[in-house]
Amino acid sequence: MMKKFTVILVAISVLNLVGCASLGDRTVNITQQQVQAKLQERLNLSLTVLKIFDVNLTNPLVSFDGNTERMITTMDTKITNPLSKSLITGTTKISGKLKFDPSTNAVMLTESKIDQLNLNGLGGKYSELLSVLGAELGGELLNNFTLYTLKPDDLKSGNTFYTPKLLKVTDGNLQVTLTPQ
């Protein structure tokens with residue numbers, strides 16, 4: 001009887017060890033479309049800059065550069081001055097590095113900057129001035145901007161909880177590697 005009990009205990013122990021050993025890292029892929037949808041949702045509002053200009057950014061087009069590990073986004077831009085009611089349209093190209101913030105389980109945009117601000121109908125001096133101003137303010141406004149938050153399902157499988165280990169930027173998507181706790 002004792003021999004059967006010992007065999008059963010050993011078998012259970014071996015199965016537990018095999019089960020634990022099979023739990024490895026898992027990867028969550030975040031697509032350009034998912035990030036674009038989040039940007040569209042989060043930027044669907046008017047930002048007031050210098051208490052003078054209302055800025056609307058719409059239609060984000062996101063791409064990832066695996067070589068530089070940066071995200072590049074081009075958006076339609078509308079700037080209005082409530083005092084003069086004038087409307088300026090164009091495009092804005094923003095780039096930034098990506099990092100994972102474990103306290104919020106979110107992918108964040110860091111070291112963001114406005115690479116290009118093309119505004120229609122402005123003369124040379126005004127265009128240059130707004131480009132410089134936009135580059136400075138835009139980088140500050142978008143720094144530490146949340147692009148994607150991992151879902152609870154991403155961080156748990158069965159009874160196993162996972163923690164983020166690595167964020168990799170590829171040319172097509174973001175890959176968050178999770179490791180069992």
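The side-chain tip of R70 does not point at the ring of F64 from less than 6.0 angstrom away and within 45° of straight on.
Taking CG of L61 as the start and CD of Q40 as the end, the distance is 11.5 Å to the nearest 0.5 Å. Once rounded to the nearest 0.5 Å, the distance linking CD1 of I94 with CZ of F145 reads 9.0 Å. Taking OG1 from T91 and CG from N118, the interatomic distance works out to 4.0 Å, rounded to the nearest 0.5 Å. A distance of 9.0 Å separates CD1 in I30 from OG1 in T149, rounded to the nearest 0.5 Å. Atom CG of residue L109 and atom CG of residue N144 lie 8.5 Å apart, to the nearest 0.5 angstrom.
Taking hydrophobic clusters as Ile, Leu, Val, Met, Phe, Trp and Tyr residues chained together by side-chain heavy-atom distances below 4.5 Å, V35 shares a cluster with M75. Linking ILVMFWY residues whenever their side-chain heavy atoms come closer than 4.5 Å, directly or via other members, leaves L57 and I72 in distinct clusters.
Between D76 and K78 no salt bridge is recorded (no basic side-chain N to carboxylate O distance below 4.0 Å).
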Discussion item. For T179 and T163: C-alpha separation, side-chain torsions, deciding distance, then whether side-chain contact (heavy atoms from CB on, under 4.5 Å) applies.
Written reply: CA-CA 5 Å; T179 191; T163 57; 3.6 Å; yes
Worksheet item: So L167 and L98, side-chain contact (heavy atoms from CB on, under 4.5 Å) or not? Walk me through it.
Response: CA-CA 8 Å; L167 172 67; L98 301 170; 4.0 Å; yes
Discussion item. Could you walk me through whether S95 and D115 satisfy the side-chain hydrogen bond (donor to acceptor under 3.5 Å, both in side chains) test, starting with their C-alpha distance in whole Å, then the side-chain angles of each, then the deciding distance to 0.1 Å, before giving a yes or no?
Written reply: CA-CA 7 Å; S95 70; D115 295 321; 2.7 Å; yes
Fill in: Verdict with supporting geometry, K156 and Y162, side-chain contact (heavy atoms from CB on, under 4.5 Å)
CA-CA 6 Å; K156 184 179 180 194; Y162 290 84; 5.8 Å; no
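With hydrogens and angles ignored, the 3.5 Å screen pairs no side-chain donor or acceptor of E69 with any backbone N or O of G66. A distance-only check finds no donor-acceptor pair linking the side chain of T146 to the backbone of Y148 [under 3.5 Å]. In this structure, Q36 contributes its side chain and V62 its backbone to a donor-acceptor pair below 3.5 Å.
Atom NZ of K97 is surrounded by more than 12 heavy atoms from other residues, nucleotides or ligands within 6.0 Å.
Tested against L178 for a side chain to side chain contact (heavy atoms under 4.5 Å, CB included), the candidates D25, L150, T160 yield a single pass: L150.
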